[in-house]
A.B. asks: 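Before we start, here is the structure in question, set down as structure tokens.
Computed from heavy atoms alone, side chains included, the values below leave out hydrogens, waters and symmetry copies. Residue numbers begin at 1 in each chain, while the letters A, B, ... track the order of the sequences.
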2 protein chains.
Amino acid sequence: MSDVFHALAAPARRAILDELHERDGQTLYELCTRLTMKHDLEMSRQAISQHLDVLEAAGLITTRRDGRYKFHYLDTGPLRAIVERWRVPDPEE
Amino acid sequence: MSDVFHALAAPARRAILDELHERDGQTLYELCTRLTMKHDLEMSRQAISQHLDVLEAAGLITTRRDGRYKFHYLDTGPLRAIVERWRVPDPEE
DNA sequence: AGCATATGCAAGCTTCTACTTGCATGTCAA
DNA sequence: TTGACATGCAAGTAGAAGCTTGCATATGCT
């Protein structure tokens, strides 16, 4: 799971995760417009597409094809390994 | 806290955190020998020193000077932000 | 003081990463 | 089928990151 850390290293990819966390299941074009609008990120479509590939390879997002649309869904499962690796105490304690 | 993600991106730095998690408060030289022995990492002293600087800048380790020795301590506090950012569910649930 | 130990600083090099650019593929509607 | 829409692929480029190399500073022991 070394790819997870690498995927999280880029600010642009964390912004994409933020976007999907706020509104799950977006297409590439939706992400392009919303990232430009809300997060003040001027990223080209190809740049975002490549970031999505990295995030999917890391298991942080899953995709679903439907015709010419491809929807992207956030998956925070791989982040659990980070928490457990160095025994991060819970905020409740 | 963008530095935290960048600090975690390098496998060598994660190995250093692993070492400090197993045995806290090591000096630079201790880390050099133990990383070479146990983790099969052939890293120079300068390389490890630079990694420690990055980890300290990210707040993942703290240091204490005593004479010519400098001890390094693990601090998992900044990792909590990762958990809370995308609402990673607890393993208990 | 003199020497070994422990760490710090900085320039140079190589590799990788993120982004761009240009074109290709596939889907749907008229 | 034609054209617009949505995405995919791949080469090229500028910048950053990690590591090395060489020397410098500082502490402790004899």
A.B. asks: Is a side-chain N or O of B/Arg65 found less than 3.5 angstrom from the main chain of B/Gly67, in a donor-acceptor match?
C.D. replies: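 Such a contact is found between B/Arg65 side chain and B/Gly67 backbone.
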A.B. asks: D/dT20, OP1 or OP2 - any side-chain N/O from B/Ser44 closer than 4.0 Å?
C.D. replies: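 Yes, such a contact exists.
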A.B. asks: Rounded to the nearest angstrom, tell me the gap between atom CG in A/Leu31 and atom P in D/dA6.
C.D. replies: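 A/Leu31 atom CG is separated from D/dA6 atom P by 13 Å.
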A.B. asks: On DNA chain C, check which nucleotide each of B/His72 and A/Ala10 is closest to and give me the residue with the more 5' one.
C.D. replies: B/His72
A.B. asks: B/Arg45 side chain: which of C/dC19, D/dC23, D/dT20 is closest?
C.D. replies: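 Selected nucleotide: D/dC23.
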A.B. asks: Out of C/dC9, D/dT27, C/dT7, which nucleotide sits closest to the side chain of B/Arg65?
C.D. replies: C/dT7
A.B. asks: Select one nucleotide: of D/dT7, C/dA4, D/dG8, the one nearest the side-chain heavy atoms of A/Ser49.
C.D. replies: D/dG8
A.B. asks: Just N and O in the side chain of A/Arg68: are any of them under 4.0 Å from OP1 or OP2 of C/dA29?
C.D. replies: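 Result: no.
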A.B. asks: How close or far is atom C1' of C/dG12 from atom CD of B/Gln46, stated in whole angstroms?
C.D. replies: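 Atom CD in B/Gln46 sits about 14 Å away from atom C1' in C/dG12.
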A.B. asks: Could you tell me how far apart A/Glu30 (CD) and D/dA6 (P) are, to the nearest whole angstrom?
C.D. replies: 10 Å
A.B. asks: In terms of side-chain heavy atoms of A/His51, which of D/dC19, C/dG8, C/dC19 is nearest?
C.D. replies: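 From the listed options, C/dC19 comes nearest.
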A.B. asks: From D/dA6, C/dA18, D/dA17, pick the nucleotide closest to the side chain of A/His6?
C.D. replies: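 Nearest listed nucleotide: C/dA18.
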A.B. asks: Contact class for B/Ala9 (heavy atom, under 4.0 Å): base, sugar-phosphate, or nothing?
C.D. replies: nothing
A.B. asks: Would you please confirm or rule out a distance under 4.0 Å between OP1 or OP2 of C/dT27 and any side-chain N or O of A/Lys70?
C.D. replies: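 For A/Lys70, the contact criterion (side-chain N or O under 4.0 Å from OP1 or OP2 of C/dT27) is not met.
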A.B. asks: Considering every strand and a 4.0 Å limit on heavy-atom distances, what is the contact class for A/Tyr69: base, sugar-phosphate, or nothing?
C.D. replies: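 Result for A/Tyr69 = sugar-phosphate.
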A.B. asks: Which nucleotide, C/dT7, C/dA18, D/dC19, lies nearest any side-chain atom of B/Gln50?
C.D. replies: D/dC19
A.B. asks: Would you mind telling me which residue lines up with the more 5' stretch of DNA chain C, B/Phe71 or A/Met43, judged by nearest nucleotide?
C.D. replies: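 Looking at DNA chain C, the more 5' nearest nucleotide goes with B/Phe71.
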